[in-house]
Amino acid sequence: MPAFQTSPGMRDILPPESERWRRFTDIFADTVERAGYGELISPLLEDLGVFTRIGDATDVVTKEMYDFIDKGDRHIALRPEVTASVCRSFAQHRPTTPWKVFYSGPNFRYERPQRGRYRQFEQVGIEVLGVDDPLLDVEVIALAWEFYARLGLRQVNLIINSLGEPDDRARYVEALRAHFDQAGSALSEQSRSTLIRNPLRVLDSKREPDQRFIESAPQIADFHSPEAAEHFESVCAGMSALHIPFEVEPKLVRGLDYYRRTIFEFQGETLNSAQNALGGGGRYDGLVEALGGPSTPGIGFALGVDRTLLACDDEGVFGPEPTELDAFVVDVTGGLHATEITADLRGAGLAADRGYDNRSMKAQMKLANRSGAQFAVIIGDDEVSAGTAVVKPLRTDDEQITIARSDLIAHFSQDTTTGTDSS
RNA sequence: GUGGUCAUAGCUCAACAGGUAGAGCACCAGGUUGUGAUCCUGGCGGUUGGGGGUUCAAGUCCCCUUGGCCACCCCA
């Protein structure tokens, strides 16, 4: 056992898995940049107050926050999510609207880790501030949908709901409270304490005794104001126009208190664990104001990288891809020639690696094979005295050839431009 | 935070009812006097997560501790 290991819920992402992570964020960035979103790079640390605005009834704020006092007596927290930071940034810089941004990076929540749930976890997401249009809701959801499609994921279920305007939501919460109060002690103990803090969340309970009360609970749709109902109808109509399959789930409430009106969640069909939420989001029209900015509508989503990748594993899509090398230089004359040749190849824009420590030819050829390189470039005493190099194909049965050292770069440049074009 | 379960070589696992640790893969070296991916041979590698206890004897039983996983909770 090593002297040190990662602390709970933290882990190293090693190659080749890390390459897949980067490709994941690259594809995400490409997807949303084509829709007019620009990247916002915001701090991992914020004033604690930025996050307490998320809502004091959410566990994310009350018990999962990593916070500390810094040397200047400021109360600082590691971000548990990014939406609040985006709104803080908007309130601080007052960019012109619509402000369409995306982000990717780590977030921190102090929870008990398990598969698909870590204390440091990666999310990608987008946020749009300053637009009330329900067709923006459609665009936002559709971009997530498109991203899943680009990864190759097929077994993803989209569920949506509307929490109504703040007043609708408040009336609904009271109705729920009254409903569950009737149940009295028949309700599970945990749900009874949840009921005091946040009646909406009782709908999330998976405990058996609660189920029949959840079944018979009032429906949010009955509390929608005409405006909220119209907004939601437009969202559904837009989704249908794009032929994106979705399901309206009246019991979907989501965890963060700032949500208003449209909310949605993507669930992985193949993930039968409790951590099946691949991503989710919704409208949070009051959040910028709560952070000291002007009254501004907002909507966005966040997608969990870990869980999405787990779903990809289950579907056998978007696997790690081995790094591609054009050449691996085997030099059994001490290594100085390999130093020159790899530098030349790399300088010409080719991908080249080499063996070290002047190991035996057999050992270096094994490395060459394992490296995934297309060709081995072999330098021995004969080649040095003749001023040549041996080029041996490693992926085909073609014969190796001997060419002049001076022709090496030209040979490879030609071969790779006419050869495998992976783009 | 609560409950359950597990922890043996770098990885995946084995070791009858307590008797002093083994395989496959990986890695290294040879078989092939310059040439990998196959095959054969050999080698490296573990104070059995850590600490304490019971016993003549503990990977195996008991307690504590650390960590993983699962469920609750919550969410990505």
Side-chain angles (χ1 to χ4, degrees), chain A residues 1-11 14 54 57-64 79-83 104-125 144 188-191 193-194 197-198 201-202 204-208 210 252-256 265-268 271-281 301-311 328 330-333 355 357-373 375-384 390-397 399-400 402:
Chain A
M1 189 48 69
F4 292 104
Q5 53 185 320
T6 50
S7 75
M10 310 280 174
R11 67 247 199 267
L14 280 52
I54 293 169
T58 63
D59 287 356
V60 169
V61 170
T62 53
K63 56 181 204 188
E64 296 173 2
R79 68 181 186 199
E81 56 127 49
V82 186
T83 305
S104 62
N107 301 285
F108 303 85
R109 291 181 196 171
Y110 193 91
E111 316 177 77
R112 193 79 164 245
Q114 53 183 269
R115 184 179 181 80
R117 185 170 75 178
Y118 303 95
R119 288 182 175 176
Q120 176 178 332
F121 61 100
E122 197 95 354
Q123 283 184 333
V124 298
S188 71
E189 192 183 328
Q190 276 136 319
S191 286
S193 69
T194 305
R197 300 195 328 270
N198 190 339
R201 210 68 55 70
V202 177
D204 279 337
S205 167
K206 289 164 196 147
R207 281 174 298 276
E208 195 47 45
D210 301 335
L252 176 67
V253 291
R254 297 199 47 77
L256 276 19
E265 189 167 299
F266 298 95
Q267 295 178 348
L271 271 46
N272 46 14
S273 70
Q275 274 69 46
N276 71 338
L278 264 37
F301 65 68
L303 312 181
V305 176
D306 300 283
R307 291 183 189 179
T308 307
L309 254 20
L310 284 175
F328 190 99
V330 171
D331 176 0
V332 291
T333 70
D357 293 331
N358 199 31
R359 293 228 271 154
S360 72
M361 177 165 290
K362 176 171 179 160
Q364 291 194 54
M365 284 303 295
K366 284 182 81 164
L367 291 174
N369 182 54
R370 235 182 284 153
S371 75
F375 299 91
V377 173
I378 303 167
I379 302 293
D381 292 327
D382 294 349
E383 286 72 25
V384 171
V390 169
V391 177
K392 172 167 181 157
L394 295 172
R395 308 292 144 210
T396 66
D397 291 332
E399 289 297 308
Q400 65 184 42
T402 302

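Predicted, not measured: the structure shown is a model, and the values here were computed from it. Basis for what follows: all heavy atoms, side chains included, without hydrogens, waters or symmetry-related copies.
- Counting heavy atoms from C-beta on, the side chains of A:Met361 and A:Ile378 come closer than 4.5 Å.
- The A:Arg109 side chain lies nearest to B:C75 when the options are B:A29, B:G67, B:C75.
- Heavy atoms of A:Gly9 sit under 4.0 angstrom from primed sugar atoms or phosphate atoms, though from no base atom.
- Counting heavy atoms from C-beta on, the side chains of A:Arg119 and A:Glu64 never come closer than 4.5 Å.
- In this structure, A:Ser191 and A:Arg201 have side chains that are not in contact, with every pair of non-hydrogen atoms separated by 4.5 Å or more.
- Here A:Gln364 does not reach the OP1 or OP2 of B:G36: none of its side-chain N or O atoms lies under 4.0 Å away.
- Minimum atom distance to the side chain of A:Pro113 is reached by B:C69, of the listed B:A76, B:C69, B:A29.
- Comparing A:Leu303 and A:Asp210, the nucleotide of RNA chain B nearest to each residue sits closer to the 5' end for A:Asp210.
- Side-chain contact check for A:Lys392 versus A:Val330: every heavy-atom pair is 4.5 Å or farther apart.
- Residue-to-nucleotide contacts include a donor-acceptor pair under 3.5 Å from the side chain of A:Arg307 to the base of B:C75.
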Quiz item: Would you write out the dot-bracket form of RNA chain B, 5' to 3', with Watson-Crick and G-U pairs under 3.5 Å, [ ] for crossing pairs, | for pairs to other strands and . for unpaired bases?
Solution: (((((((..((((.....[..)))).(((((.......))))).....(((((..]....))))))))))))....
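- Nearest to the side chain of A:Arg115, among B:G30, B:A37, B:C70, sits B:C70.
- Among the atoms of the strands shown, none is found under 4.0 Å from any heavy atom of A:Gly125.
- Spacing of P atoms, B:G59 relative to B:U66, comes out at 23 Å, to the nearest Å.
- Contacts of A:Glu265 with the nucleic acid, taken as non-hydrogen atoms under 4.0 Å apart, are absent.
- Between the side chain of A:Arg79 and the backbone N or O of A:Pro106 there is at least one donor-acceptor pair closer than 3.5 Å.
- Take the nearest nucleotide of RNA chain B for A:Leu367 and for A:Arg117: the residue whose nucleotide is more 5' is A:Leu367.
- The gap from the C1' atom of B:A7 to that of B:G46 amounts to 14 Å, rounded to the nearest Å.
- Counting any heavy atom pair closer than 4.0 Å across all strands shown, A:Arg119 reaches no nucleic acid atom.
- The side chain of A:Asn369 lies closest to B:G36 when the candidates are B:A71, B:C69, B:G36.
- No contact: A:Glu81 has no heavy atom under 4.0 Å from any strand.
- Not one side-chain nitrogen or oxygen of A:Arg112 sits closer than 4.0 Å to the OP1 or OP2 atom of B:C70.
- Considering only side-chain N and O atoms, A:Arg370 lies nowhere under 4.0 angstrom from the phosphate OP1 or OP2 of B:A26.
- In this structure, CZ on A:Phe266 lies 15.0 Å from CZ on A:Arg307, to the nearest 0.5 angstrom.
- Contact annotation: the side chain of A:Asp210 never approaches that of A:Val202 to less than 4.5 Å [non-hydrogen atoms, C-beta and beyond].
- Taking atom C1' on both nucleotides, B:G24 is separated from B:A15 by 15 Å, rounded to a whole Å.
- The base of B:G68 does not come close enough to the side chain of A:Gln5 for any donor and acceptor atom to sit less than 3.5 Å apart.
- Using a 4.5 Å cut-off on side-chain heavy atoms (C-beta onward), A:Leu303 and A:Glu122 make no contact.
- Summarising the geometry of A:Phe121 relative to A:Arg109, their closest heavy-atom pair is CZ-NE, 3.5 Å, with the distance given to 0.1 Å.
- To the nearest whole angstrom, the two C1' atoms, one in B:U8 and one in B:U60, are 11 Å apart.
- The distance between atom CZ of A:Arg79 and atom C1' of B:A76, rounded to the nearest whole Å, is 13 Å.
- Counting any heavy atom pair closer than 4.0 Å across all strands shown, A:Asn107 reaches no nucleic acid atom.
- Using atom C1' as the reference point in both B:A58 and B:U54, the two lie 10 Å apart (nearest Å).
- If you check every strand for non-hydrogen atoms under 4.0 Å, A:Ile379 touches a base.
- For A:Gln114, whose side chain is taken as the heavy atoms from C-beta onward, the closest listed nucleotide among B:C28, B:C75, B:C73 is B:C73.
- What you find for A:Ala368 and A:Ala376 is that their closest heavy atoms are CB-CB, 4.4 Å.
- Comparing B:U20 with B:G3, their C1' atoms sit 37 Å apart, to the nearest whole Å.
- B:G10 and B:G49 have their P atoms separated by 12 Å, given to the nearest Å.
- As judged by a 4.0 angstrom heavy-atom cut-off over every strand, A:Lys362 is placed among the base-contacting residues.
- One can place CE of A:Met361 at 9 Å from P of B:G36, the figure rounded to the nearest angstrom.
- Backbone-only contact: A:Gly279 has heavy atoms under 4.0 Å from sugar-phosphate atoms and none from a base.
- Nucleotides B:C6 and B:C62 place their P atoms 11 Å apart, quoted to the nearest Å.
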